[in-house]
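For ligands, and for the atoms within them, numbers begin at 1 and follow the listed sequence. Keep in mind it's a predicted model, so treat the numbers as computed, not measured.
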Amino acid sequence: MAIKIYNTMTRRKEDFKPYVEGRVGMYCCGPTVYDYFHIGNARAFVVPDMVRKYLKFRGYDVTYVQNVTDIEDKIINRAKERGVTTDDIVRQYTKAFFEDRAALGVGAPDYQPRATEHVKDIVGMVEGIIKKGHAYVSGGDVYFDVSSFSGYGKLSGQNPDDLKAGARVDISEHKDDPLDFVLWKGAKPGEPSWDSPWGPGRPGWHIECSVMSAGYLGGHVDIHLGGSDLVFPHHENEIAQSESFGGEEFVKYWMHNAMVNVDGERMGKSMGNFFTVRDILKKYPGKIVRYYLVASHYRQPISFGLDELDMCARALARLEDSIINAMKAMGLGPDDVTRSLEAGAPGIGDAQAKGLVKAADSAVSSFVEFMDDDFNTSGAMSALHELARAINAFVALGSREEEASLAAAYAMGKLWKMGNVLGFMDDVTLRADAAAGLGDGEGLTGPLMELVLRIRAEARAKKDWALSDFIRDGLKDLGVTVEDTKDGARWKLERK
Ligand SMILES: [Zn+2]
């Protein structure tokens with residue numbers, strides 16, 4: 001069965017057939033690095049990571065490219081506000097982007113080009129577009145002539161006349177038509193600039209993606225992702241630039257994730273109702289935020305609130321507990337679980353152990369069926385929870401025979417693998433859970449942690465917040481996070 005992807009361009013689910021069989025080139029618009037990113041932005045980084053991990057799981061050779069916009073009005077303005085250079089702003093927020101992304105389990109792309117490293121290529125493409133009669137020079141700027149590209153509006157499904165009615169024109173722009181957009185911006189005094197045939201200036205935002213996506217992916221993009229807020233004008237403009245320059249289809253599948261809402265309103269910097277991931281990570285481990293972001297189908301708008309995160313924390317704990325408890329009860333270690341992933345289904349005679357192996361296999365088929373259907377993570381999640389329940393029930397039966405432990409390791413391996421593809425379980429999950437459940441090699445970590453947490457609980461009971469925070473922060477420095485739940489404090493080793 002083929003994977004199906006909902007293509008924004010055709011407005012229907014299509015069988016996924018990449019340009020080259022077995023290989024996938026993915027591109028997603030990256031951040032403009034002038035601030036911390038918020039949970040709405042985070043969804044547009046997590047969805048491509050989920051797609052990438054799943055396609056790899058399904059055996060594709062995936063190349064993933066994401067740009068970093070490191071020159072833009074917002075960066076220039078932020079630098080002015082703070083009296084620092086644009087380089088200072090870019091350095092600070094690129095680093096923060098990498099850190100926060102990693103905390104959400106988002107892997108680094110295969111290529112992460114920055115706009116300022118590609119100014120020459122951008123100038124070359126703009127020259128080519130002018131030569132082909134699709135752009136014009138006006139007052140030191142270069143604009144794309146939208147009326148010259150007949151396909152304009154095909155992605156957003158609107159005709160240019162309707163789009164024109166809603167277009168805003170900045171008086172500083174010297175363009176012939178409100179829909180025309182800037183490819184190259186002439187520099188104002190004091191702004192960072194690069195030489196070009198049209199005088200000193202810098203690239204427009206839209207052209208960056210046209211240059212950096214196909215440039216790294218052999219001319220075509222199999223899957224181009226981004227938030228639905230980018231369909232118009234950004235992605236419409238990318239298509240106009242790339243297809244009028246190259247004369248061929250630019251992207252095969254357009255995937256757009258829906259927005260994150262707060263109290264029914266779209267979360268946005270301009271709305272002032274945003275929560276930065278950085279702030280959220282102070283209270284919640286990244287894996288919970290990751291769980292929250294993949295628990296719903298990517299085309300469904302989701303609402304954000306601490307209640308939602310708490311719910312996800314409980315749901316994720318149920319999955320993890322099923323693994324921790326089973327490891328503990330069966331006397332298994334992380335290596336038994338990971339080894340079972342390579343070994344394949346164990347041959348088993350015992351009916352109940354056989355039943356668990358079967359439950360694990362059917363959970364994986366159901367997971368694949370949901371994920372193949374336009375990455376239905378919400379359905380896929382039900383397969384994980386069902387398997388967790390089957391593991392719990394099996395452990396409760398009490399058999400500790402060798403066949404039982406083989407079957408349990410197999411089922412845990414499958415559960416862990418699915419959680420790993422969705423991005424909220426990694427090696428650390430297993431190691432940390434092993435430490436929590438079994439103690440480390442010396443068997444000391446678990447009991448010591450119990451002791452430390454008991455001291456902290458005493459401090460809290462006496463309202464000695466300074467001591468209790470001291471303990472929590474000290475543990476955090478050691479890579480141990482403490483979560484206060486109604487059943488007392490839980491601790492986990494986090495990725496450092
Ligand atoms: Zn883009």
message: For a distance under 2.8 Å, tell me if Glu238 has an N/O/S atom near the Zn ion (ligand 1).
response: yes
Ring centers of His38, Phe275 separated by less than 6.0 Å: no
- request: Using the ring of Tyr6 (Phe, Tyr or Trp, six-membered ring only), decide whether Arg299 places NZ or CZ under 6.0 Å from its centre and within 45 degrees of its axis.
  value: yes
task: Angle at the Zn ion (ligand 1): provide the value between NE2 of His234 and SG of Cys29, rounding to 10 degrees.
output: 110°
task: Sort out for me which residue in Arg82, Lys74, Lys80 forms a side-chain contact (heavy atoms from CB on, under 4.5 Å) with Arg78.
output: Arg82
query: Got a salt bridge between Asp222 and Arg23, using NZ or NE/NH1/NH2 to carboxylate O under 4.0 Å?
result: no
- request: Examine Cys209 and say whether one of its N/O/S atoms is closer to the Zn ion (ligand 1) than 2.8 Å.
  value: yes
